[in-house]
Protein chains: 2
Amino acid sequence: MPETLIPTAASAVPPRASSIRPPRPTPRSRVVGENSTLLYEGGRNRSLYRVVDGCIVLSQLLDDGRRQITDVLGPGRLFGFTVDGRNIATAETLSIARIEPLGDADLNATNPTVASELKTTLQRMQVHATLLGRKTASEKVASALVELARLFNRTGRNGAPARLGFHLHLTRADLADWLGLTVETVSRCLNRFKREGLIDFSHPKTMRVLDPERLEATAGFTRHRTGDAARP
Amino acid sequence: MPETLIPTAASAVPPRASSIRPPRPTPRSRVVGENSTLLYEGGRNRSLYRVVDGCIVLSQLLDDGRRQITDVLGPGRLFGFTVDGRNIATAETLSIARIEPLGDADLNATNPTVASELKTTLQRMQVHATLLGRKTASEKVASALVELARLFNRTGRNGAPARLGFHLHLTRADLADWLGLTVETVSRCLNRFKREGLIDFSHPKTMRVLDPERLEATAGFTRHRTGDAARP
DNA sequence: GACCTCCGTTGACAGCTGTCAACATCCTCT
DNA sequence: AGAGGATGTTGACAGCTGTCAACGGAGGTC
């Protein structure tokens with residue numbers, strides 16, 4: 001039963017039993033349940049939000065129901081950008097999440113931090129466009145795993161990622177909507193990767209990367225770099 | 001013979017014979033020839049640029065040569081955004097273009113106009129992601145035609161677009177790289193639309209929209225709008 | 001605890017789009 | 001004007017990915 005808009009109460013939110021990463025209390029931050037729609041594309045809102053903890057996806061819909069997830073947000077990322085006062089995208093939680101509203105003023109994005117985030121997001125979108133338009137199904141799924149492993153790896157961000165286990169917050173359908181594929185194709189790719197020893201999972205969302213190098217190779221990860229000539 | 005980086009001279013640039021839209025002289029603006037690479041992805045630059053006139057595309061490359069055009073820019077659009085001082089995308093001219101460098105300070109995007117442009121671009125990228133991930137070849141090509149007709153229609157922007165003729169600055173290969181298709185598929189779609197009376201072209205780049213409504217219908221254009229409930 | 005829906009997996013099959021090839025046309029350069 | 005390359009078109013064919021279907025299992029509700 002998805003809630004709508006931003007609930008103020010942390011109703012269905014038992015703080016995780018042995019909470020490994022204690023949610024640091026942030027000014028005005030709120031906890032939101034899983035599968036809540038926070039913002040609707042085309043709707044109005046008066047604030048930007050920062051993801052403090054959890055996983056949030058942005059999406060757009062075509063009127064026949066086809067969905068495209070345009071971004072997957074982890075801790076630190078901002079969302080709620082508007083054009084002409086209207087939300088660019090729908091925002092939904094894929095996990096219990098803690099979000100922190102930013103002031104009205106930041107809506108104008110004249111805040112340097114916000115502007116920087118905008119540019120980073122723009123870059124991410126362009127990289128994802130290249131994935132959507134020019135990568136094969138296997139490359140897409142492998143790319144997604146590499147990216148999500150970085151975002152949500154279990155070991156925290158204390159230097160070396162011990163074993164590349166992470167919680168996949170997305171369902172197969174979410175992955176499909178993110179990568180421009182169907183559920184069946186995503187499932188087939190994941191299980192092939194599993195058979196080939198690239199990854200492993202017993203529960204559908206408990207992922208472990210067994211062979212990072214081959215996975216990244218499968219992702220066709222490196223973008224072409226013309227860069228500038230080395231300046232000696 | 002593509003030039004590299006920003007040339008200061010307007011070498012191969014005969015100002016268009018009966019120039020309908022006289023290039024308004026802008027402070028410090030420069031004219032750049034067709035098929036020039038202005039910026040390289042991963043390279044450094046110290047300024048943003050505004051497109052005063054002409055057509056410029058942004059692109060990314062995978063290292064095996066696959067290319068994705070991430071945006072098509074017309075008059076008024078900005079480009080040259082960086083992350084960590086590095087260009088996000090390669091920028092190339094598809095026509096003789098006039099560009100105007102903006103000050104260093106604007107690189108930080110704290111200028112409200114720049115910030116607004118960033119948000120608009122972000123929205124465009126998300127709409128395009130939906131196209132790349134969730135539309136069929138026909139829908140993609142039709143969408144592209146609708147968008148390019150708006151961008152480059154011949155009648156200027158004096159209210160009603162008389163007859164929807166416009167100059168297609170992109171080659172079939174450019175269209176393919178923009179839409180995530182192959183040249184052959186693009187060509188087949190365009191010629192089918194021509195047979196069906198949606199569009200017409202004698203020269204490959206001289207496009208005319210004959211049936212805007214059916215073309216937009218083919219584009220599957222309307223995105224789902226949940227909007228806000230009407231407030232009586 | 002039983003039911004029931006959602007989610008994930010797997011197989012069979014089809015069709016959209018990519019691949020390969022040949023050819024036409026346009027443009028540039030000599 | 002002629003040569004040659006880039007661009008565009010069209011056909012034949014293949015294969016990647018989508019579609020349809022069936023099934024199993026997990027989680028949630030009563």
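Computed from a predicted structure; not experimentally measured. The chains referred to below are lettered A, B, ... by the order of the sequence lines, with proteins before strands, and numbering in each begins at 1.
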Rounded to the nearest Å, what distance is computed from the CZ atom of residue B:R172 to the P atom of nucleotide D:dT10?
10 Å

Of the options A:V209, A:L215, A:L210, which is the one that meets A:P212 in a side-chain contact (heavy atoms from CB on, under 4.5 Å)?
A:V209

Distance-only side-chain donor-acceptor flag, B:T130 / B:K135, under 3.5 Å:
no

Hey, would you say the B:F152 and B:F166 ring centroids sit under 6.0 Å apart?
no

A:N191 vs C:dT10: side-chain N/O to OP1/OP2 distance below 4.0 Å
yes

Within 45 degrees of the ring normal and closer than 6.0 Å to the centroid, is that where the cationic atom of B:R208 sits relative to B:F193?
no

Under 6.0 Å from the six-membered ring centre of A:F81 and within 45° of its axis: does the NZ or CZ of A:R86 meet both?
no

Provide, to the nearest angstrom, the distance between the CG atom belonging to A:N35 and the C1' atom belonging to C:dC7.
12 Å

A:R134 (side chain) donor-acceptor with B:L181 (main chain) under 3.5 angstrom
yes

Between C1' of C:dC7 and CZ of A:F201, the distance in whole Å
13 Å

A:D177 has an atom CG; how far is it from atom C1' of C:dG8, in whole Å?
15 Å

How many Å lie between CG on A:L94 and C1' on C:dC7, as a whole number?
14 Å

Can you pull out how bent the helix from C:dG1-D:dC30 to C:dT30-D:dA1 is, comparing the axes over its first five and last five pairs, to 10°?
50°

Distance check needed: C:dG8 P versus A:L175 CG, whole Å only.
9 Å

Modelled atom types, side-chain donor and acceptor of B:R192 and B:S138, under 3.5 Å:
yes

Can a donor-acceptor pair be found between the side chains of B:R98 and B:S29 at a distance below 3.5 Å?
yes

Quick one: what's the B/S/- string for nucleotides 11-30 of chain D, heavy-atom cutoff under 4.0 Å, read 5' to 3'?
BB----SSBB------S---

Check: B:L179 and B:T185 side chains under 4.5 Å, non-hydrogen atoms
no

Expressed as a whole number of angstroms, how long is the span from B:R192:CZ to D:dT9:C1'?
15 Å

